[in-house]
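Note that the structure is a prediction, hence the values are computed from the model and not measured. Order of listing sets the numbers, starting from 1, for every ligand and every atom in it.
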Amino acid sequence: MSTEQQDREAQLVERVLASFGGTPDPRLRELMRALTTHLHAFVRETRLTETEWRRAIEFLTATGHLTDERRQEFILLSDVLGLSMQTITVNNEAYADATEATVVGPFFVEGSPEVEQGGDIAHGAPGEPCWVEGTVRDTGGSPVPHARIEVWEADDEGFYDVQYTDARVAARGHLFSGDDGGYRFWAITPTPYPIPHDGPVGRLLEATGRSPMRASHLHFLVRAEGFRTLVTHIFVEGDALLTSDSVFGVRDSLVKRFEAQSAGTPAPDGRDVGGAAWSRVRFDIVLAPAPVPAADAI
Ligand code: BEZ
Ligand code: FE
């Protein structure tokens, strides 16, 4: 490429950067300038053609058209690009042995039904019963009582209740840790399912030879006064999809042993599981302290 061509391209970047120089909000100025630098570098490095640029605009337009209050195709795009996971990684710095965070996904709903300790969050969702137990502790090892533990998951046909055609609430609920930080509940053994892939993001995955499948998981959101809110999942040890999760959500520390229990094995709480096989898993949660607010935010 000629020096003249290089100069023209570089001068354009400088002009756009300068156009944001007067942005009163310093953080917005920083973000817009960094965005300009990286987007222009992408176009210059790949020598993006005008046809490719038009197709990219068409793709984003289709993504917007599919997005409404029930379907968020932009978040899905961020998820499959690993951007959601990178933002979570940046914002949940490793802290002692605090449990790692992962993507929230589009299926969390506020206001899930409360269950007692030992209750069943399946609420009739099809799937193998799974006994889940553990503790909520701080990084010093002390119990965190009364933490609000939200859990949600897909049924064994791969659907969350919000994808059902009726208004049934199933495979979601919340409970509170006890005085000793302990918790226990029944759920269903997680099974793999695809992220919604009937839109532009699905077409992108197909064009790039990628699978929409998520590794089997059970979502948790844990909130307690004075602690960093934890959004995470646990994954099933041995799941073949652990290394190809479509949204890059798997972390080694979140892979747990779901122990298969053959039919007839007595349940820990004496529940009659109808003679069916069931599974059990232990998940001990460690919460990081809430960040100290910056002095100018107080
Ligand atoms: C989920 O795990 O529910 C999920 C996460 C990201 C995209 C789609 C689904
Ligand atoms: Fe999920």
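- One option in F248, W152, Y193 has a heavy atom closer to atom 3 (O) of ligand 1 than any other, and that option is Y193.
- Across every non-hydrogen atom of I88 and V103, the tightest pair is CD1-CA, 3.5 Å.
- Here is the list of ligand 1 atoms found below 4.0 Å of a heavy atom in F107: 3 (O), 9 (C).
- In summary, the atoms of ligand 1 found under 4.0 Å from a heavy atom of V247, numbered by their order in the structure, are 6 (C), 7 (C).
- Look at R137 and D284 and you find no salt bridge, because none of the NZ, NE, NH1 or NH2 atoms lies under 4.0 Å from a carboxylate O.
- Ranking the protein heavy atoms by distance from atom 4 (C) of ligand 1 puts P106 CD, 3.5 Å first.
- To the nearest 10 degrees, the Fe ion (ligand 2) sees NE2 of H217 and OH of Y193 at an angle of 100°.
- The neighbour count for F59 CZ, taken as heavy atoms of other residues, nucleotides or ligands under 6.0 Å away, is above 12.
- Put simply, H219 gets within reach of the Fe ion (ligand 2), with an N, O or S atom under 2.8 Å from it.
- Side chains of E150 and W152: no donor on one and acceptor on the other come within 3.5 Å.
- In summary, the side chains of E100 and T232 do not present any donor paired with an acceptor at a separation below 3.5 Å, with no hydrogens or angles considered.
- At least one heavy atom of Y160 sits closer than 4.0 Å to an atom of ligand 1.
- Ligand-side atoms of ligand 1 in range of H219: 1 (C), 2 (O), 3 (O), range being under 4.0 angstrom from any heavy atom.
- Between W278 and W186, the two ring planes are perpendicular [angle over 60°; tilted spans 30° to 60°].
- Taking the six-membered ring where tryptophan is involved, the planes of H174 and F176 are perpendicular, since the angle between them exceeds 60° and thus also 30°.
- In terms of protein heavy-atom proximity, atom 5 (C) of ligand 1 is closest to G105 CA, 3.4 Å.
- Using a 4.0 Å cut-off between charged side-chain N and carboxylate O, R184 and D269 make no salt bridge.
- Considering backbone and side-chain atoms alike, D79 places every N or O at 3.5 Å or more from each N or O of ligand 1.
- Ion pairing between a basic and an acidic side chain is recognised when a charged N comes within 4.0 Å of a carboxylate O; R44 and E9 show such pairing.
- In the candidate list H197, H233, E153, R214, R214 is nearest to atom 2 (O) of ligand 1, counting heavy atoms.
- Remark: ligand 1 atoms within the under-4.0 Å shell around heavy atoms of I195 are 7 (C), 8 (C), 9 (C).
- The proximity of L76 to ligand 1, defined as any non-hydrogen pair under 4.0 Å, is limited to the side chain.
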